[in-house]
Trainee: 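Quick one: this structure, given as structure tokens, is what I'll be asking you about.
Naming convention: chains lettered A, B, ... in sequence-line order (proteins, then strands); numbering from 1 in each chain.
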Amino acid sequence: MNYPEFKQPLNYGQVGTDILAWWKQNGIFEKSVSTREGQPTFVFYEGPPSANGAPGIHHVMARTVKDIFCRYQTLLGKQVHRKGGWDTHGLPIELQVEKELGITKEDIGKKISIEDYNQRCRETVMRFKAQWDDLTEKMGYWVDLDDPYITFEPEYIESCWALLKKLYDKGLLYKGYTIQPYSPAAGTGLSSHELNQPGTYRDVKDTTVVAQFKVKRDEKSEPLFGNVQLDEVPLAALYGDNASEPDVYILAWTTTPWTLPANTGLAVGKNIPYLLVSTFNPYTYAPIRVVLAEALVGKYFSVKGKEASFEDFKPGDKVLPWRIENTFKGADLVGIRYERLFGQNKGYPAFEGEENAFRVINGDFVTTEDGTGIVHISPTFGADDFRAAQLAGVPALLVADDEGKLGPIVDRTGRYVAQMGEFGGRWVKNYDGHDESGADYKTLDESIAIRMKGDGTAFKVEKYEHTYPHCWRTDKPVLYYPLDSWFIKTTAVKDRLIELNKTINWQPASTGTGRFGNWLENLVDWNLSRSRYWGTPLPIWRTQDGTEEICIGSIEQLNAEIDKAVAAEVMTLNPFVKNVIQGLVVNDFGWVSFKDKQGNVYEGSFLSKPELFNGNTVNFKDRKLGGDIYSIDVSSIDFSTLKRHIRNSDGEEKVESIPLTFGGADLHRPYVDDIFLVSPSGQPMYRETDLIDVWFDSGAMPYAQWHYPIENEGQFQKNFPADFIAEGVDQTRGWFFTLHALAVMLEDSVAYKNVMANGLVLDKNGNKMSKRLGNAVDPFATIQQFGPDATRWYMIANAQPWDNLKFDVAGITEVQRRFFGTLFNTYSFYALYANLDGFQAREFDRTPHAELSELDRWILSKLQSLILEVRGHYDSYDPTKAARAIQDFVTDQLSNWHVRLSRRRFWKGELTADKRAAYETLQECLVVVSQLMAPIAPFFAEWLYQNMTNGMRAEAIERNTPLAAESVHLTLLVEADEARIDKSLEERMELAQRISSLTHSLRKKSVLKVRQPLQRILVPVFNDSTRAQVALVEDLICAEVNVKHVEFLDDASGVLVKSVKPNFKRLGQQYGAKLKAVGARIQQMSAEEISTLEKTGQLAVEIDGEAYTLAPDDVEIRTQDLPGWLVATDGPLTVALDVTLTDELRQEGVARELVNRLQNLRKDSGLEVQDKIRVTLQQQPELEAAVQSFGGYIREEVQALSLDFAPEISGGAVLEFDEFSVPVLLNVATA
RNA sequence: GGGCUUGUAGCUCAGGUGGUUAGAGCGCUACACUGAUAAUGUAGAGGUCCCUGGUUCGAGUCCAGGCAGGCCCA
């Protein structure tokens, strides 16, 4: 048997398993890379997943996308290395460990050592690696799992350090601050995780103040002083004697009055409407004008006040009179300057940048839900404040402490610094546990409010209940407070980031311009600092006073610095030494040798018992039998001489040096924290305790995966930048950004040329999948059940990867049935008949293209078009369209038309030239389809390819043809042979399909089954080309719909009834508003008018008294009816069916019925396709007539050597059809 | 709250630059076909194209505002 045959239904899961085993056995993935050696490369970066959880179905989606384009590029002949990777650091892992250990961050270093804690993290992070690897294999994602980069390995961290140093040397790394939740009582910052603990947000009653900020009169603020008088009351009349213009104040509300002395700006919403209102201060009763949001006027001013007289207002009156003077948009107010609330004149300190402070700025967070619609900005005590101020160039109010170090007006214990005038030293909240019940107790907020009332700068003071976060440990209120942080100055390269982003091909484009582009436009500096334990440590050491610092870029440099520090006696011992020695004890390998600094030679091994280290000394046993045990001071060891001696099983000895850096060196905390360096001036330097953002780790992978820039420059250069990356859209500001930012800063280049951001995988109802809701889909079970191909195909074909996918297994079933089932059937069909005929396709001596039938040339033309189309879609990173095009070709064109119409060719008779051509055509289609689908459905494609080509392999290898490749994934994708594309042929086949469909529809209406032959169909045609086109496919149509002829009707026949439809597109352009009338007139055209238009090429009509000349292009003429005929239409195409039945047609119909029943009988009797039979029917006149005319046909169809009648038949079957009931005897012909 | 994104038949999705009668597959119903048969053909039912307003002779398509879902950020 040349072509393997399979039972229906095919077990797709098994196909996956079998192919996977074969790939492994034959190293196909490795070959897919190695056979492309020397070819152009296609660089792909694997975004490292974290293996601390089980993989989900969405990972199958993301990895399918990655896999598709890597496989496709391989098919194009490129070499595609795919180095895997693991993301191993970060908060999720720490939290998981803490949960498992039942501890909190506070316990680290107390209940558990940092060392042990990090060890737990290291063990936890790879816990699910086996599952991940398993899924990777089973789903057919080809990536190198044997040599992945792992972000916690010392080489990887060292690369990160080297990159940080490069940034540091470029001046892009600096220490600043961010506003973070801070607990003065605990003296520590709080993570958002800690802030989300239950019970941290509580209702508290605070003193709140609506403060008045006095506007400085200048060019910018002049409109506020202009006397617009919306309420049409002259100013003088308003204030009576106080006719001089009252001051203008901007109102801003705060629930934390203690931040008011730190105010440096006011934020407005640029689209929010604001009012200028004339009124009086409720405490000093001075006439004032105030600015606030229109929407909030009702909150501060009563209806009564709007009517109240200004002249009659006197101190003590409850109702404040008020009038609206003018309206503004927030944008109009931006830039206005105002006076400092607590200024130097009142004893408050000056600060740097003061000239840029006290301005109105834009704030996108401003709302009119509460307050005044204007937000008081104190950049040191609010994250929004800080950001808005930074964007607008407004400085923070910082004062110098005793050492000259700048800081906020509140110290880290929660008190005002001494410089704060009358309030200096006051607690901003009750952090000192002061008794609040005392009559004279006043909070700082209250004191400030009282002061402001007196100064006339408070417009409203009241107690207000709101929720406020509290420290979960101390129960004291949290402050938003500036904490030290290290930053990468991404804003310095902002323009370049934007510029280079425009050269990246984003899929979908909107993510690049929108989500990512906007993010770049509003870029702030990258906050690198994390106060955590399990991550890449920041390699910066500083002196206590911060005046001297060093950024370490390599372990070599670090060792050199350590040596200096040891020499300067800042440290007694290089902490890595212990690490190395520990490693040598743990790894049982043989023995070591070294010299001490005096040159004495030692040979032997370190002893771990009773304890490895006693201070800095270690026990060492001489290798001589019964040798002495020394106690050695490790600081005396000359580590450059340290070697280990390994004896293998053959007794061969291997000697290797042990670098101090690796082989046990751990660059994590706490080890790096134990390193103290010495500054040039001789001061000790301590490491900044921060870790760096894990996103830096992943963004550094283009460099760190090769241990670049420490080594492997060539590797790096060859693989930078990436041609393609793909991850979820949630990575836009994560990995996509960090890759881009680092590439621009370090290499002035993009990091990737093409990027796909895929969407989420939701459950079938559109809800997010989660373990908690129990709607998560198990990827292993899915692949097991449906096979990897149907799963992948469904995900790709159903929705474009960047749209969210509603995952429904019913969809996989459908794909499996409709696409894979059809393709499998088509293959089985081919295999069945090819095997019967002993046919084996060859690459040589094939039927010349010109000699192929219309049908064959058509499907091959379609195939070439498909190759073009699919390549185009893959090239433009649109796998969905590629999948859909392949699917439509296989189901609609190949199976449902070409194979269906070719069935007789396959099963009839000997291996003729036409049959051979049919095999060759189908064979070519199937092989090409296997290639085209290979990126998406790699297993099934392999299955199909091998089944189709294994019989050709030997010759292919011998003659070195494309099919020499043992795997479809090692082939080169066929190029479309455009010479074989025949658009005209494709067009007429479509006509044949549509005419057939219409004819079927007519048969159905007339209840004339297809088995009943009919004489003819009539097709009206208006032009010769259509006529010629249809004539060429007449045979196909006749065979498909079982009629004898296709006849054409043209105008000359005189029986066509035409109708006309306005061509609105053309008419609209020509007549515009008149179109309606013209269109109506066209629809009323008479037969004569249509005829005139056709013959003369124009038609004069009158519409609403105006003359128009219609051209043929203005209308679409079609035939809709043939009087006396049953017709069906599809757009411009019309078909009429001649339903006249002659005796001969009837007889042929009977003959066909007979054939059909006999075939069924054959099949029911279990006969094989090739068995011959003898048939005897019971006599019946009508049957005999039919057999007389069509006996030869019947015998041939049912492969009967004889077809006879007998007067009486018993014991056989009875054929029933139409009004017949025929006893029959069927025997297998033995000879 | 901001940015981005999605909304078309029961379900999943198509619908360049606006053109009047909005399509496909699945599912459903009926009929047919039967040497691919757990396949296939034909027909039918099924739509306020999320809503409101605007531009236009004409809007699923363009504009504005809203609603709902999603993601990211605050």
Trainee: For C28(B), which nucleotide is its Watson-Crick or G-U wobble mate, given both distances must be under 3.5 Å?
Mentor: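 When the pairing criteria are applied, G44(B) turns out to be the nucleotide that pairs with C28(B).
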
Trainee: Closest-nucleotide mapping onto RNA chain B: is Arg900(A) or Arg818(A) further toward the 5' terminus? I mean the 5' end.
Mentor: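 The 5'-side residue here is Arg818(A).
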
Trainee: Take the protein atom CZ of Phe6(A) and the nucleotide atom C1' of A36(B), then report the distance between them rounded to whole Å.
Mentor: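 These atoms are roughly 16 Å apart.
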
Trainee: Provide the distance between the two C1' atoms, one in C33(B) and one in G70(B), to the nearest whole Å.
Mentor: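 Rounded to whole Å, the distance is 46 Å.
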
Trainee: For Ser510(A), report the nucleic acid contact type (base, sugar-phosphate, nothing); a contact means any heavy atom under 4.0 Å.
Mentor: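 Contact class for Ser510(A): sugar-phosphate only.
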
Trainee: Taking the P atom in each of G53(B) and U17(B), what is the distance between them to the nearest angstrom?
Mentor: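 So the two P atoms sit 25 Å from each other.
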
Trainee: In whole angstrom, what separates Leu922(A)'s CG from A36(B)'s C1'?
Mentor: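 Rounded to whole Å, this separation is 11 Å.
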
Trainee: Could you let me know what A22(B) is paired to, Watson-Crick or G-U wobble, both distances under 3.5 Å, or none if it's on its own?
Mentor: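 WC or wobble partner does not exist here.
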
Trainee: What verdict does the salt bridge (Lys or Arg N to Asp or Glu O under 4.0 Å) test give for Glu869(A) and Lys881(A), after you've listed the backbone C-alpha separation in whole Å, the side-chain angles of each residue and the deciding distance to 0.1 Å?
Mentor: CA-CA 9 Å; Glu869(A) 188 186 351; Lys881(A) 286 193 171 148; over 6 Å; no

Trainee: Could you check whether the rings of Trp793(A) and Phe819(A) sit parallel, tilted or perpendicular, using 30° and 60° as the cut-offs?
Mentor: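 Ring orientation of Trp793(A) relative to Phe819(A): parallel.
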
Trainee: Under a 3.5 Å cut-off for both distances, is U52(B) Watson-Crick or wobble paired, and to whom?
Mentor: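 Looking at the geometry, U52(B) pairs with A64(B).
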
Trainee: How long is the line joining CZ of Arg387(A) and C1' of C73(B), in whole Å?
Mentor: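 To the nearest whole Å, that distance equals 9 Å.
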
Trainee: OP1, OP2 of U42(B) versus side-chain N and O of Ser997(A): anything below 4.0 Å?
Mentor: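 Yes.
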
Trainee: How about Tyr919(A) and Phe906(A): are their ring centroids closer than 6.0 Å?
Mentor: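 Aromatic pair counts; centres sit under 6.0 Å.
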
Trainee: Starting from P on C72(B), measure out to CG on Leu523(A) and report it in whole angstrom.
Mentor: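 After rounding, the reported distance stands at 20 Å.
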
Trainee: Please give me the minimum heavy-atom distance between Trp695(A) and Thr738(A), naming the atom from each residue.
Mentor: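 The pair with the smallest heavy-atom distance is O-OG1, 3.2 Å.
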
Trainee: Need one value for Arg884(A): base, sugar-phosphate or nothing, where a base atom within 4.0 Å counts as base even if backbone is also close, heavy atoms only.
Mentor: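 Touches sugar-phosphate only.
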
Trainee: Can you find a side chain N or O atom of Arg903(A) that sits less than 4.0 Å from OP1 or OP2 on A36(B)?
Mentor: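 The answer is yes; a side-chain N or O of Arg903(A) sits under 4.0 Å from OP1 or OP2.
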
Trainee: To the nearest Å, how far apart are Lys881(A) NZ and A14(B) C1'?
Mentor: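 For the pair Lys881(A) NZ and A14(B) C1', the rounded distance is 9 Å.
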
Trainee: Examine G41(B): is either OP1 or OP2 under 4.0 Å from a nitrogen or oxygen in the side chain of Asn896(A)? Give yes or no.
Mentor: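 For G41(B), OP1/OP2 do have a side-chain N/O of Asn896(A) under 4.0 Å.
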
Trainee: When you compare U12(B) with G16(B), how far apart are their C1' atoms, in angstrom units rounded to a whole number?
Mentor: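 About 23 Å, rounded to a whole number of Å.
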
Trainee: Just to be sure I understand the rule, does Ala799(A) reach a base, reach only the sugar-phosphate, or reach nothing, if contact means heavy atoms closer than 4.0 Å?
Mentor: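 Since only primed, P, OP1 and OP2 atoms lie under 4.0 Å of Ala799(A), the category is sugar-phosphate.
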
Trainee: Look through every strand shown and name the nucleotide pairing with C4(B) as Watson-Crick or G-U wobble, where both distances are under 3.5 Å.
Mentor: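 For C4(B), the partner nucleotide comes out as G70(B), under the 3.5 Å rule.
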
Trainee: For Asn825(A), answer base if it contacts any base atom (sugar-phosphate contacts may also be present), sugar-phosphate if it contacts only those atoms, and nothing otherwise; contact means non-hydrogen atoms under 4.0 Å.
Mentor: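 Base contact.
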
Trainee: Using a heavy-atom cut-off of 4.0 Å across all strands, would you classify Val366(A) as base, sugar-phosphate, or nothing?
Mentor: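 Nothing, no heavy atom under 4.0 Å.
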
Trainee: Please report the distance separating the P of G2(B) from the corresponding atom of C49(B), rounded so that it comes out in whole Å.
Mentor: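 Roughly 29 Å separates the two P atoms.
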
Trainee: How many whole angstroms separate atom CG of Asn1156(A) from atom P of A32(B)?
Mentor: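 Taking atom P of A32(B) as the reference, CG of Asn1156(A) is at 13 Å.
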
Trainee: Go through Ser902(A) and Arg905(A) one step at a time and tell me if the side chain to side chain donor-acceptor pair (under 3.5 Å) criterion holds.
Mentor: CA-CA 5 Å; Ser902(A) 295; Arg905(A) 303 166 68 195; 3.2 Å; yes

Trainee: Please state the C1' separation for the pair U29(B) and A9(B) - nearest whole angstrom.
Mentor: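 These two C1' atoms come out 16 Å apart once rounded.
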
Trainee: For the C1' atoms, the ones on G7(B) and on U48(B), what distance do you get once it is rounded to whole angstrom?
Mentor: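 Here G7(B) and U48(B) have their C1' atoms 15 Å from each other.
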
Trainee: Has Asn798(A) got a side-chain N or O lying under 4.0 Å from the OP1 or OP2 atom of C13(B)?
Mentor: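 For C13(B), OP1 or OP2 has a side-chain N or O of Asn798(A) closer than 4.0 Å.
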
Trainee: For a quick check of understanding: with a heavy-atom distance under 4.0 Å over all strands, which category does Asp384(A) fall into, base, sugar-phosphate or nothing?
Mentor: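 Since only primed, P, OP1 and OP2 atoms lie under 4.0 Å of Asp384(A), the category is sugar-phosphate.
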
Trainee: Where each residue is assigned the nucleotide of RNA chain B containing its nearest heavy atom, which of Gln800(A) and Leu760(A) is assigned the position nearer the 5′ end?
Mentor: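 Nearest-nucleotide comparison on RNA chain B picks Gln800(A).
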
Trainee: Do Glu521(A) and Lys494(A) sit within salt-bridge range, that is, some charged N less than 4.0 Å from a carboxylate O?
Mentor: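 Between Lys494(A) and Glu521(A) there is no salt bridge, as every charged N stays at least 4.0 Å from the carboxylate O atoms.
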
Trainee: Provide the closest heavy-atom pair for Ile361(A) versus Ala388(A) in the form atom of the first, atom of the second, distance.
Mentor: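 It is CD1-O, 3.7 Å.
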
Trainee: What is the distance, rounded to the nearest whole Å, between atom CD1 of Ile812(A) and atom P of G25(B)?
Mentor: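 Rounding to the nearest Å, CD1 of Ile812(A) and P of G25(B) are 22 Å apart.
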
Trainee: Can you tell me the distance, in whole Å, between the CG atom of Asn1042(A) and the P atom of G41(B)?
Mentor: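 Value for this atom pair: 18 Å.
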
Trainee: Can a salt bridge be assigned to the pair Asp892(A) and Arg818(A) using a cut-off of 4.0 Å between side-chain N and carboxylate O?
Mentor: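 Looking at Asp892(A) and Arg818(A), the cut-off is met.
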
Trainee: With sugar-phosphate meaning primed atoms plus P, OP1 and OP2, does Thr732(A) contact a base, only sugar-phosphate, or nothing at under 4.0 Å between heavy atoms?
Mentor: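 Contact class for Thr732(A): none.
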
Trainee: For atom P, what is the distance between G47(B) and G10(B), given to the nearest Å?
Mentor: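 To the nearest whole Å, 6 Å.
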
Trainee: With the side chain of Lys806(A) defined as its heavy atoms from C-beta on, choose the nearest nucleotide among U12(B), C72(B), A14(B).
Mentor: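 My answer, after comparing the listed nucleotides, is U12(B).
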
Trainee: Tell me whether the side-chain N/O atoms of Arg817(A) come closer than 4.0 Å to OP1 or OP2 in G27(B).
Mentor: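 Yes, within the criterion.
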
Trainee: So what does Ser895(A) touch, heavy atoms closer than 4.0 Å: a base, only the sugar-phosphate, or nothing?
Mentor: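 Base: the residue Ser895(A), judged by heavy atoms under 4.0 Å, touches a nucleobase.
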
Trainee: How would you label the contact of Phe906(A) with the nucleic acid (heavy atoms, under 4.0 Å): base, sugar-phosphate, or nothing?
Mentor: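 No contact.
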
